[in-house]
Amino acid sequence: MNLDEALDTFVAEAEELLGNMEDALLGMKRGSAAEDAIHAIFRAAHTIKGSAGLFGLDFVVGFTHTAESVLDLVRAGELEMDAAMVELMLEVCDHLGSLISLVRQGDLPDADLQGSASLLTARLQNYLEKNNPPSLPEVEAAGVVSDCWHISLRFGQDVLRYGMDPFSFIRYLGKMGRIVGMHTLTDGIPRLSAMDPESCHLGFEIRFESAADKETIESVFDFVKEDCRIVILAPHSMIEKYRILIEELPEDDMLLGEILVKCGSLTQNELDAALRIQASAPIGEVLVGQGMVRAPVVEAALEKQKQGRDAKAGEVSLIRVDSSKLDRLIDLVGELIIVGSSASLFAQRSGVAELLEITSSMSRMVEEVRDTALSLRMVQIGATFNRFQRVVHDVSRELGKDIRLEIGGAETELDKVVVEKIADPLTHLVRNSMDHGIEPEAARIASGKPACGTLKLNAYHDSGSIVIEVSDDGGGLNREKILKKAIEKGIVAADANLADQEICQLIFEAGFSTADKVSNLSGRGVGMDVVRRNIQDLRGSIELDSVEGQGTTTRIRLPLTLSIIDGCQVAVGKSSYVIPLDMVIECIEFEGGQDEAGQSGYLNLRGEVLPYLRLREYFEVDEAAQKRQNVVVVQYAGRRAGLVVDSLLGELQTVIKPLGRMFGGVKGIGGFTILGSGEVALILDVQRLLQQAEEREQKNSGRNLTIMEESRS
Amino acid sequence: MEKMAIEGELSICRAEELKRELLPLYETGRELEIDLSGVTEMDGAGLQLMVAMKIEAIARDVRLSFTGHSAAVMEVLDLADLVGFFGDPVLITRQ
């Protein structure tokens, strides 16, 4: 891995961590388990700082350090994470986000960013200073007089064999400060005849004067910390800690005590006090005492181990793959399906039983490969939904409304590409709902609703597509107002006669806004039409349900995958068409006569009125119709219609290939595919066909449908 | 009096070898004098060896003295603050 790749990984990881941090912060705001959240936040900051350090990104390290210190205090329970601090940390999170994006671009922070960094740092520093004064005197009160570090070293037996010289550590230590006093312990050394001269028997008690912090001092012994006993006591440590040191080390207590006095780390009085405590403390208490001191150390060690383990587990179960490789795989699977179906076709023609058997088991395998390959791209929508916690939090603050976000169906899976592309339109819808949908608090109370507004994000699967709902419990759409505005803007004719549903859809028209005042969030009339266009680009649709006074639900319907589907192959004349199988309800024989005029009409489906569309006429196929025709009944978004075709050719797996730009305007065709025979079949855009079947039927019944004209696509 | 000079490195690389060479000297039961003037390098293992020699000598009630401490030896002894432990006359150099 070269440095650039490593940096990319760092950026990706940092972004993920910041995401976690934000989630945890927002979670705390909502009052979820505080302790876990604090740990998560601290870990995120800590890891980012650590990794940034590896890359020498000093501006990240410096900034994160202060935040980490504050978080550390919170973690230790010395500071409380109140609402103000959550807000501050969110800002820290944002700032880190912009620093990380700078790293991605390989830039350094400009003056503006540096300015905001120092502002934030100052605010963080506030917390640190507020916290320091009360804790300092306490330490001094029970601490020893010595203002030096005390380092107690017992080297492991194998240190020398590993080629390390104990003295080199001590010399290195000498560079970081001044060794005020040092005692070399010779008691561990046996007589020459009994000695293994390659084992290390040395120990040292060192009184050390330095401005360095504990971590830095510890880092001196990084190479040997595994098999050495190293105790580092801070200046003015509690006598208690010395007592434990004396007790834990193998040497005779009195002797060791004297050594400490000789080094100058303890005064004689302090030593006496320490030994007195020791004499009087019952064994249980001593153990507790030991536990007390060891606890943070053990905890830190465990934490570190756990982190290592977590990271390892993560590495094992997750692999980061370049998404272009996945795309390539899916392309290949697509080709495989085409080749496979041409093999089955050939096998059928040849009539060789064994060949047929092999091709049929092969196509089953291909199907499995297809499903697995497609599922690689599937991700849960929950992560995307969770990002809206922040959007809702920020926007509700900006608007001065109290709004809660509820999430449903977070585990619903859909294609990664779709998830990425849906985020923007979804953001717009959410903002819109919050700005226009949910009323100000006073109005809500006046109409008997709870003061806190609710915004709901929901996702579920429905007949081969995924539905994403954004709903609010706000005021709903005012139909009269919309209609008035639409007429004003010339979107509909003044005498138009529109159904409620149609009026609601008007807000997706370009240049439409009914908001009385334009806020910086929404209301400028650009947006909803862009939202609709984005969704249509994903072969999806958007619709709106609104009950005045009770709220609005916007429903986005998207295809599950973008590239491979199961299809039902039909023929009209000599050409083949494919209808997505998920949308096919049933196939029946068409009873209407061939000479009946017109593209569309109604038929009676077990007593139900079903509009139908003749594909022959619709696609202007010249060949004469066959005697017997069939109807494929399709359903989409709760609407049904029949498509009249010549013959039904059966099921097949289809790789959707997009039509070229030239055919972009062709209506009713969603793409094309290559059949096993090598012929091309067109894939029907059922949604559009349904719409047109309905429109034509309504036109025939003489209703005015100016606005539903196809021209707006 | 048995005399011996340690030349070159007094370190982990030669610890085993030096132990083998030094141990027979005690068998004579005579006073030992080890000349350190030729020591060019010394590490923790070397220091241990010196201490072990001293302890061995005390155990056998043999007089052992180190002489002619080279700069390399003095540096370690000073650092370890063990000059007093051996009790040998050394030349104190001005730092």
- Query: So which of B:Leu47, B:Asp81, B:Leu22 has the biggest tally of heavy-atom pairs under 4.5 Å with chain A?
  - Reply: B:Leu47
- Note on the structure: CE (A:Met164) and CG (B:Asp43) are apart, to the nearest 0.5 Å, by 12.5 Å
- Report yes or no: does B:Lys19 contribute a side-chain atom to a donor-acceptor pair with the main-chain N or O of A:Met195 at less than 3.5 Å? yes
- Crowded around B:Phe85 CZ? As in, over 12 foreign heavy atoms under 6.0 Å? yes
- Do you know which of B:Glu16, B:Met42, B:Lys54 has the most heavy-atom pairs with chain A at a distance under 4.5 angstrom? B:Glu16
- Query: So, do B:Ile12 and A:Asp165 sit near enough that their side-chain heavy atoms are less than 4.5 Å apart?
  - Reply: no
- Task: Return the minimal non-hydrogen interatomic distance between A:Pro190 and B:Ala52, and the atom names on each side.
- Result: O-CB, 3.4 Å
- Cut-off 4.5 Å, heavy atoms of chain A, and the answer for B:Glu75 is side chain
- When every non-hydrogen atom of B:Leu79 is compared with those of A:Arg171, the smallest separation belongs to CD2-CG, 3.9 Å
- Message: Within the 4.5 Å heavy-atom criterion, are A:Arg191 and B:Arg60 side-chain neighbours or not?
- Response: yes
- Item | CD on B:Glu27 to OG on A:Ser193, rounded to 0.5 Å | 9.0 Å
- Item | Part of B:Leu49 lying under 4.5 Å from any heavy atom of chain A | both
- Can you see which heavy atom on B:Ile55 is nearest to which on A:Ile189, and at what distance? CD1-O, 3.3 Å
- Query: What is the minimum heavy-atom distance between A:Met182 and B:Ala80, and which atoms define it?
  - Reply: CE-CA, 3.6 Å
- Message: Which heavy atom of A:Pro197 sits nearest to which heavy atom of B:Ala45, and what is that distance?
- Response: O-CB, 4.3 Å
- Roughly how far apart are B:Gln48 CD and A:Leu160 CG, rounded to 0.5 Å? 5.5 Å
- Quick one: what part of A:Ser199 sits under 4.5 Å from any heavy atom of chain B, side chain, backbone, both or neither? backbone
